[in-house]
Amino acid sequence: MIKPSASDSKPKPASAPHAALLLDWYDQARRVLPWRALPHEQADPYRVWLSEVMLQQTTVQAVKPYFETFLRLFPTVESLASAPTEQVMSAWAGLGYYSRARNLHACAKQVSTQYQGEFPRDYNSLKALPGIGDYTASAIMAIAFDERAVVVDGNVERVITRLFRIEQPLPLSKPAIKQRAEQLTPHERSGDYAQAMMDLGATLCTPRSPSCFLCPVRGHCAGNKSGDEATFPRKLPKKSRETRYGAAFMCLRADGAVLLRTRPDKGLLGGMSEIPTTHWDAEATDPTKDTAHAPLELNWQQVLPPVRHVFTHFPLVLRVYIAQAPLGTEAPEGMRFTPRQALSGEALPTIMVKAIALGLDNL
DNA sequence: AAAGCGTGGTA
DNA sequence: TTACCAAGCTT
């Protein structure tokens with residue numbers, strides 16, 4: 001991070017004591033991450049943006065290999081902008097929340113054309129870009145540009161609700177958390193502070209059994225004082241969702257090609273590839289009527305047991321059917337036969353990888 | 001503004 | 001096995 005020298009910086013309000021403690025801790029405990037600049041290195045806005053989008057609701061462990069792949073395939077925002085959509089979706093396949101990939105691509109195009117390939121150093125301009133919300137805009141301001149920004153993510157919410165024992169449940173407590181975060185955020189070392197809060201949440205102030213004995217701000221923590229820190233943040237109970245059911249059809253042509261199609265851009269698994277499926281309904285549909293919805297009239301055989309998969313908002317039980325099609329079979333309107341060798345280049349979400357693997361195993 | 005939107009790991 | 005959790009955004 002580049003720090004302004006003492007001579008040219010105006011007097012700033014004194015930081016909360018907590019910030020200095022946190023920054024000292026960060027200097028010796030910071031994690032080394034592929035997208036993170038080393039001390040005294042300047043952060044790269046492209047890497048910061050790419051990693052922040054990938055990390056939305058996603059674990060560091062899951063992101064690491066995808067981040068490396070993207071950086072190799074698309075070393076610059078310009079190269080990402082000029083890549084075909086299918087390549088971007090395919091590279092993102094398996095990471096989840098696929099609207100992020102569409103927005104990522106759209107954002108790269110916009111940065112290339114509207115900002116000559118340089119991310120704007122301005123919160124409002126950043127937040128106006130697709131896929132960049134309050135958190136991500138603030139994180140880019142702080143981490144990439146070392147500008148003061150109040151960065152509140154899930155880690156910060158956990159740390160702050162524990163520090164102040166905020167009894168109000170999330171998401172109702174978001175405004176109160178933001179207000180506390182605003183008060184705590186220092187005017188210096190913005191990027192380090194933001195990452196320090198996230199490292200604290202990720203390594204010590206963890207959801208279950210936090211390691212308070214190692215915490216640099218233990219002495220300022222109301223939660224630790226009363227010993228119930230692990231019960232924060234309070235959360236509104238989640239509503240459980242009904243299981244949905246559907247059928248999917250895995251058609252293997254004699255030359256080894258698999259019948260695929262692309263889902264609509266919007267909605268669940270938007271823009272991703274799939275083997276043809278029925279709608280996924282909450283009512284337990286009649287399995288004997290499944291093959292009436294098959295894309296081709298073939299000798300369909302059900303593979304047991306069905307594929308089970310859990311989405312964010314509902315569990316799915318997918319009955320998979322397999323059939324072989326003779327050489328020369330043409331794909332129905334809107335579908336295509338993809339050679340088995342080319343499957344890895346398809347944008348297949350995990351549920352479809354499961355279904356196709358099951359089908360191939362049983363053919 | 002409440003709901004939609006993936007996946008893999010862990011207790 | 002079930003339930004919860006992980007650096008949120010969009011409509």
Side-chain angles (χ1 to χ4, degrees), chain A residues 31 33-36 47-67 89 92-104 106-107 126-144 149-159 170-172 174-175 177-178 181 191 193-203 205-210 230-231 233 235-241 243-244 263-272 274 280 307-316 347-354:
Chain A
R31 289 177 293 171
L33 298 169
W35 45 85
R36 181 176 280 182
R47 292 183 178 224
V48 172
W49 163 70
L50 179 60
S51 65
E52 288 302 339
V53 173
M54 286 184 166
L55 286 161
Q56 290 166 6
Q57 301 289 282
T58 309
T59 58
V60 165
Q61 182 188 338
V63 165
K64 276 181 179 171
Y66 284 85
F67 180 79
M89 300 308 287
W92 196 277
L95 196 55
Y97 286 137
Y98 298 103
S99 66
R100 290 185 295 173
R102 291 205 154 277
N103 288 331
L104 187 86
C107 182
L126 288 169
K127 192 170 180 316
L129 291 166
I132 299 185
D134 174 50
Y135 162 75
T136 305
S138 301
I140 294 173
M141 286 300 286
I143 300 171
V150 181
V151 178
V152 180
D153 71 334
N155 287 307
V156 176
E157 287 175 347
R158 188 166 56 252
V159 170
L170 281 168
L172 303 179
K174 278 178 181 288
I177 294 169
K178 182 89 174 184
Y193 176 79
Q195 293 175 98
M197 284 290 274
M198 293 192 268
D199 273 19
L200 185 72
T203 64
C205 198
T206 52
R208 311 177 250 256
S209 47
T231 66
K235 289 191 178 176
L236 254 22
K238 289 175 188 168
K239 16 193 139 171
S240 62
R241 298 312 189 93
T243 300
R244 296 184 197 176
R263 294 176 65 92
D265 282 351
K266 306 238 171 195
L268 185 67
L269 307 177
M272 301 297 285
E274 66 175 7
W280 301 340
V307 172
R308 290 176 175 275
H309 191 78
V310 180
F311 293 103
T312 308
H313 48 304
F314 67 92
L316 173 69
L348 291 167
T350 297
I351 173 65
M352 289 300 155
V353 171
K354 286 186 191 176

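Order of the sequence lines sets the chain letters (A, B, ...), proteins ahead of strands, with each chain counted from 1. Both backbone and side-chain heavy atoms feed into the values below; hydrogens, waters and symmetry mates do not.
No contact: Trp92(A) has no heavy atom under 4.0 Å from any strand. At the heavy-atom level, Arg308(A) lies nowhere under 4.0 Å from the strands shown. As judged by a 4.0 angstrom heavy-atom cut-off over every strand, Gly94(A) is placed among residues touching the sugar-phosphate backbone only. The residue Leu33(A) sits close to a base: some heavy atom pair falls under 4.0 Å. Among the protein residues, Val151(A) comes within range of no part of the nucleic acid, since none of its heavy atoms lies under 4.0 Å from any strand. Note on Gly201(A): nothing from the nucleic acid sits closer than 4.0 angstrom, heavy atoms only. Using a 4.0 Å heavy-atom cutoff across all strands shown, Lys239(A) reaches sugar-phosphate atoms only and no base atom. Contacts of Leu95(A) with the nucleic acid, taken as non-hydrogen atoms under 4.0 Å apart, include base atoms.
A side-chain N or O of Glu52(A) and one of Tyr135(A) form a donor-acceptor pair less than 3.5 Å apart.
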Could you pull out the protein-nucleic contacts involving nucleotides 8-11 of chain C (nitrogen or oxygen on both sides, under 3.5 Å)?
residue, atom, partner, partner atom, Å
dG8(C), OP1, Gly154(A), N, 3.2
dG8(C), OP2, Gln57(A), N, 2.8
dG8(C), OP2, Gln57(A), NE2, 3.0
dG8(C), O5', Gln57(A), N, 3.4
dC9(C), OP1, Gly133(A), N, 3.0
dC9(C), OP1, Thr136(A), N, 2.9
dC9(C), OP1, Thr136(A), OG1, 2.7
dC9(C), OP2, Tyr135(A), N, 3.4
dT10(C), OP1, Gly131(A), N, 2.5

Contact list (N/O, under 3.5 angstrom) for nucleotides 2-5 of chain C vs protein:
none

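Comparing dG6(B) with dT11(C), their P atoms sit 14 Å apart, to the nearest whole Å. Across dC5(B) and dA6(C), the matching C1' atoms stand 15 Å from one another, rounded to whole Å.
Formation of a donor-acceptor pair under 3.5 Å by the Tyr98(A) side chain with backbone atoms of Leu268(A) is not found in this model. At distances below 3.5 Å, at least one donor-acceptor pair connects side-chain atoms of Thr58(A) with backbone N or O atoms of Gln56(A). Side-chain N or O atoms of Arg36(A) include one that pairs as donor or acceptor with a backbone N or O of Arg31(A) at under 3.5 Å. A side-chain donor-acceptor contact under 3.5 Å links Arg100(A) to the backbone of Leu95(A). With hydrogens and angles ignored, the 3.5 Å screen pairs no side-chain donor or acceptor of Lys174(A) with any backbone N or O of Glu157(A).
Contact footprint of chain A on DNA chain B: nucleotides with an atom under 4.0 Å from a non-hydrogen protein atom, first to last in 5' to 3' order, dA3(B) to dA11(B).
Here the closest non-hydrogen pair linking Met198(A) and Asp153(A) is SD-OD2, 3.4 Å. The heavy-atom pair separating Met89(A) from Ala101(A) by the smallest distance is SD-CB, 3.7 Å.
Here Arg158(A) contributes atom CZ and Met197(A) contributes atom CE; the two are 10.5 Å apart, rounded to the nearest 0.5 Å. Rounding to the nearest 0.5 Å gives a distance of 9.5 Å between CG of Asn103(A) and CD1 of Ile132(A). In this structure, the separation between CE on Met141(A) and OG1 on Thr136(A) is 13.5 Å, given to the nearest 0.5 Å.
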